[in-house]
Amino acid sequence: MIYSATREDLGFAHDPFKAIVAPRPIGWITALSAKGEVNLSPYSFFNAISSRPNLVMFSSENKKDAVSFIEETGEFTCSLVSGALMQQMNLTSAPLPRGQSEYPHAGLEMAPSRFVKPPRVAGTPAALECRSVSIQQLRDIDGNDVPRWMVIGQVLGIFIDDAFVKDGRFDTAGANPIARCGYADYAEVTSVFSLQRPAGG
């Protein structure tokens, strides 16, 4: 089958787009407001987009607290969601009143960052400390603004729990990151394999 993705009625109970673009890493974003309010929220529209400099992005559907707080203070952290933190991550997706921190709501502790003011999630295998490079409202092909905002941040510092450093590498499988697969479906990374790039012709 093939269908127009611009139709309002797609003929599905749920839009399959997110299930096709999968698995997607989860950006567990902590941001501070100018008043010092702490927001922690998971974003599955998240990824690394550059290595030199290290840049990451996440996109918010509607302008949520994380985006507003980053506009105010210009910094955020991204904590890796491990299998051990999966349920707490889910609790931080609850729509709490503005300014109410998701950390106590999810039974999480904050750990201090070194390069930015927002904390990271205590117990995460790894976290990125970032400063905002740009915040953009997205547009469609007709040039119309849509209620979606993309935040790009440059990584200033990287925290790694020493337990997940093996042979000079970050042990991705050992960290057991969780990925979003669309709908209410998630996946766990528990094993990895290597492929060598072929030589040029």
Side-chain angles (χ1 to χ4, degrees), residues 24-82 85-86 88-139 145-162 164-165 170 172 175 177-180:
R24 300 188 308 281
I26 299 169
W28 209 6
I29 306 297
T30 300
L32 292 178
S33 73
K35 297 178 181 178
E37 299 161 317
V38 181
N39 177 266
L40 173 64
S41 46
Y43 289 89
S44 65
F45 287 141
F46 167 83
N47 222 314
I49 57 173
S50 172
S51 62
R52 292 188 181 182
N54 296 153
L55 297 174
V56 294
M57 65 73 62
F58 75 92
S59 178
S60 176
E61 300 198 316
N62 299 311
K63 196 171 190 180
K64 298 176 183 175
D65 285 354
V67 177
S68 296
F69 288 5
I70 294 168
E71 276 187 329
E72 292 178 14
T73 60
E75 297 179 337
F76 63 96
T77 64
C78 176
S79 298
L80 187 147
V81 181
S82 65
L85 293 169
M86 174 174 48
Q88 291 94 324
M89 177 276 295
N90 193 40
L91 286 171
T92 63
S93 68
L96 302 183
R98 180 182 173 87
Q100 182 177 336
S101 176
E102 289 78 6
Y103 274 91
H105 176 77
L108 292 165
E109 298 292 330
M110 292 181 281
S113 298
R114 180 175 297 181
F115 299 93
V116 297
K117 290 183 179 179
R120 57 178 165 82
V121 174
T124 184
L128 308 175
E129 303 181 11
C130 307
R131 184 168 297 154
S132 172
V133 172
S134 69
I135 300 174
Q136 312 172 32
Q137 184 172 6
L138 301 182
R139 293 180 176 177
D145 289 338
V146 295
R148 307 288 186 266
W149 279 263
M150 179 176 66
V151 178
I152 297 176
Q154 182 168 336
V155 180
L156 303 182
I158 299 176
F159 162 79
I160 301 176
D161 185 325
D162 291 342
F164 299 99
V165 178
F170 178 66
T172 303
I178 300 299
R180 188 76 186 271

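For reference, positions follow the sequence shown, starting with 1.
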Taking every heavy atom of Ile70 against every heavy atom of Ser132, the minimum-distance pair comes out as CG2-CB, 3.7 Å

Regarding Arg120 and the six-membered ring of Phe159, is the cationic atom NZ or CZ under 6.0 Å from the ring centre and inside 45° of its axis? yes

Could you check, using the six-membered ring where one of them is a Trp, whether Phe58 and Phe46 have ring centers closer than 6.0 angstrom? no

Residue pair Trp28 / Leu108, side-chain heavy-atom distance below 4.5 Å: yes

How many angstroms lie between atom CG of Asn90 and atom CD1 of Ile178, to the nearest 0.5 angstrom? 11.0 Å

So, Ser33 side chain and Gly36 main chain: donor-acceptor pair closer than 3.5 Å or not? yes

Can you name the residues that form a salt bridge (charged side-chain N to carboxylate O under 4.0 Å, His left out) with Arg139, not counting sequence neighbours? Asp145

Minimum heavy-atom distance between Val121 and Ser79, given as atom pair plus value: N-OG, 3.0 Å

Taking side chain as C-beta onward, heavy atoms only, is Val56 less than 4.5 Å from Asn47? no

Within this structure, what is the CE-CD1 distance for the pair Met57 and Ile152, rounded to the nearest 0.5 Å? 7.0 Å

Over all heavy atoms of both residues, which pair between Gly99 and Glu37 is shortest? Give the atoms and the distance, please. CA-OE2, 3.6 Å

Between Glu71 and Lys63, is there a side-chain N and carboxylate O pair less than 4.0 Å apart? yes

What's the verdict on side chain to side chain contact (heavy atoms under 4.5 Å, CB included) for Phe76 and Val151, showing C-alpha distance, side-chain angles and the deciding distance? CA-CA 10 Å; Phe76 63 96; Val151 178; 4.0 Å; yes

Decide whether Ser59 and Trp149 meet the rule of one side-chain donor and one side-chain acceptor closer than 3.5 Å. no

Ile29 vs Leu40 side-chain heavy atoms within contact, under 4.5 Å: no

Is the backbone of Pro53 close enough, under 3.5 Å, to the side chain of Ser50 for a donor and an acceptor to pair up by distance? yes

Asp65 meets the side chain to side chain contact (heavy atoms under 4.5 Å, CB included) criterion, sequence neighbours left out, with Asn39, Phe69, Arg98

Between Ser44 and Arg24, a side-chain donor and acceptor under 3.5 Å: yes

With the side chain counted from C-beta on, respond yes when Met150 and Ile135 share a heavy-atom pair under 4.5 Å apart, and no when they do not. no

Tell me every residue that passes salt bridge (charged side-chain N to carboxylate O under 4.0 Å, His left out) with Lys117, counting only those two or more places apart in sequence or in another chain. none

Using 0.5 Å steps for rounding, measure from the NZ atom of Lys64 to the OG atom of Ser68. 11.5 Å

What is the distance from atom OG of Ser60 to atom CD of Gln137, rounded to the nearest 0.5 Å? 11.0 Å

Are any non-hydrogen side-chain atoms of Leu128 and Thr77 less than 4.5 angstrom apart? no

For a quick test of reading the model, state the closest non-hydrogen atom pair linking Pro119 to Leu32 and the distance between them. CD-CD2, 4.4 Å

Rounded at 0.5 Å granularity, tell me how far CG in Leu85 sits from CG in Leu91. 11.5 Å

Does the side chain of Phe45 reach to within under 4.5 Å of the side chain of Glu61, using non-hydrogen atoms? yes

Evaluate the side-chain proximity of Ile26 to Tyr43: yes if any heavy-atom separation is below 4.5 Å, no if none is. no

Quick one: closest heavy-atom pair of Glu75 and Pro118, and the distance? OE1-CD, 3.5 Å

To check you understand the geometry: which heavy-atom pair defines the closest contact between Cys130 and Val155, and what is its length? SG-CG2, 4.0 Å

Using distance alone, with no hydrogens and no angle criterion, decide if Tyr103 and Thr92 have a side-chain donor and acceptor under 3.5 Å apart. no

If we only count heavy atoms from C-beta on, is the Glu129 to Arg114 side-chain gap below 4.5 Å? yes

